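Ligands are counted one by one from 1 in listed order, and the atoms in each one are counted from 1 as well. Model, not experiment: these values are computed from the prediction.
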Amino acid sequence: MKRAALLIVNCLLFAGAAHAETVATPIPIGIALAQTSNVALLGEEEVVGAKIAEKYFNAQGGVNGTQVKLVFQDTGGDEAGAINAFSNLINRDKVVGIVGPTLSQQAFSADPVANRLKVPVIGPSNTAKGIPQIGEYVGRVSAPVAIVAPYAVKEALAENPRIKTVAVLYAQNDAFNTSESKTFQETVVQRGLKIATVQKFMTTDTDFTTQVTAVLAANVDLAIISGLSADGGNLVKQLRQLGYKGAIIGGNGLNTANIFPVCGKYCEGILIAQAYSPGGDPKNAINNALIKEYRATYKKDPPQFTAQTFAAVQVMVEALKKVEAVTKSKIGKLDLGKAREELNKAIRTGSYLTPLGKINLNQGGEIHQETFYVARIKMDANGKTGKYIYVK
Ligand code: 1QQ
């Protein structure tokens with residue numbers, strides 16, 4: 001008797017689970033970014049891009065008249081935080097897709113969770129090798145380091161053809177930095193330069209005396225740093241304070257004005273490759289809209305991470321419109337699982353005219369982007385504030 005009752009309960013539960021759960025309206029899109037920890041130095045600029053996109057696309061009518069609602073979930077700076085954020089967004093908030101996380105290091109842990117549950121993910125700033133290969137539900141709008149990073153080396157050599165020897169430094173406990181440094185090392189070797197020393201550190205390090213001593217002993221013309229904002233900024237500062245005079249290339253982890261308070265006047269001159277330029281195409285209307293909105297609050301031009309996250313939300317919104325066209329149904333009428341599946345397909349169809357220029361995601365989820373840039377940090381006389389000057 002007991003067993004029979006249990007069986008009935010089980011059947012009911014099963015029927016409940018199988019019952020169609022439709023997409024909520026306004027349409028929930030998950031935003032899983034680093035809003036706390038050191039990684040927030042990078043994630044902060046992404047949150048701004050997402051919020052501007054939400055306002056912009058909803059003012060344009062959202063998804064064919066249905067508004068979208070971004071659901072923010074802080075990932076913190078580590079893998080566990082990202083997994084937790086993804087799980088909450090998927091299971092509790094029933095989002096149709098997720099924009100995030102901030103770091104590749106987090107993506108390698110959290111994206112498999114979404115992939116298993118068939119929830120589309122768009123990485124706004126995951127640039128390590130292998131991100132789209134995590135699974136069929138994983139894509140990115142952040143061009144990979146293998147494509148972006150070499151532009152900085154090219155620019156440094158164009159400016160200073162006498163550069164011959166290089167020191168390479170990278171955070172070995174971070175997937176993106178390890179991947180980016182590999183690209184830098186391959187690039188300098190291809191360019192006929194000599195790598196005089198390779199120095200490793202941790203993203204949690206604050207003292208870089210050992211690494212700086214080795215760089216000074218190697219007497220190099222160029223130092224290339226792959227770190228995140230806090231460690232990378234401190235490393236730059238200590239290099240200069242201890243007397244390093246050569247050129248410095250910073251990787252994507254130093255690509256934020258939030259490093260200015262860290263390295264201060266010593267940030268001067270760092271070259272960083274860019275997947276975005278505010279002035280890239282003056283006729284790009286959506287970029288101009290982003291710039292206008294960003295300037296109204298921040299009195300300066302939007303940085304790369306803001307533009308990339310705006311683009312990630314844009315791809316979600318435009319793909320949702322395509323889902324309605326393909327299914328001949330309003331999103332709010334669709335089964336959540338079906339909506340996620342169709343959204344994942346739609347993300348990979350056609351192209352998007354974003355602030356990054358025209359982009360598309362191939363079937364594997366990898367971005368194709370046309371133009372890249374290089375900027376140099378120019379600090380103000382006060383040694384505290386500064387800006388990115390585009391040199392290419
Ligand atoms: C990655 C990155 C970081 C610098 C993003 C903030 O490119 O982790 O892939």
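Put simply, CD on Glu180 and CD on Gln185 are 11.0 Å apart, with the number rounded to the nearest 0.5 Å. For the atom pair Asp78 CG and Gln106 CD, the distance stands at 7.0 Å (nearest 0.5 Å).
Residue Gly253 has at least one heavy-atom neighbour below 4.0 Å for each of these atoms of ligand 1: 4 (C). Listed by number with element, the atoms of ligand 1 under 4.0 angstrom from any heavy atom of Ser104 are 1 (C), 8 (O), 9 (O). Every atom of ligand 1 with a heavy atom of Leu103 under 4.0 Å away is listed here by number and element: 8 (O). Every atom of ligand 1 is numbered from 1 in the order shown, and the set under 4.0 Å from a heavy atom of Leu42 is 6 (C). Atoms of ligand 1 lying under 4.0 Å from any heavy atom of Thr102, numbered from 1 in the order shown and given with element: 5 (C), 6 (C).
For Gln304 and Gln308, the side-chain atoms include at least one donor-acceptor pair closer than 3.5 Å.
Phe208 meets the ring-ring contact (aromatic ring centres under 6.0 Å, His included) test with Phe201; sequence neighbours excluded. Applying the ring-ring contact (aromatic ring centres under 6.0 Å, His included) rule to Phe57 yields the partners Phe310; only residues at least two apart in sequence or on another chain are considered.
Residue Thr127 places at least one N or O, backbone or side chain, under 3.5 Å from an N or O of ligand 1. Between Ser125 and ligand 1, at least one pair of N/O atoms sits closer than 3.5 Å. Not a single N or O atom of Asn126, backbone or side chain, sits closer than 3.5 Å to an N or O atom of ligand 1.
Salt-bridge check for Glu324 with Lys321: failed, with every basic side-chain N at 4.0 Å or more from each acidic carboxylate O.
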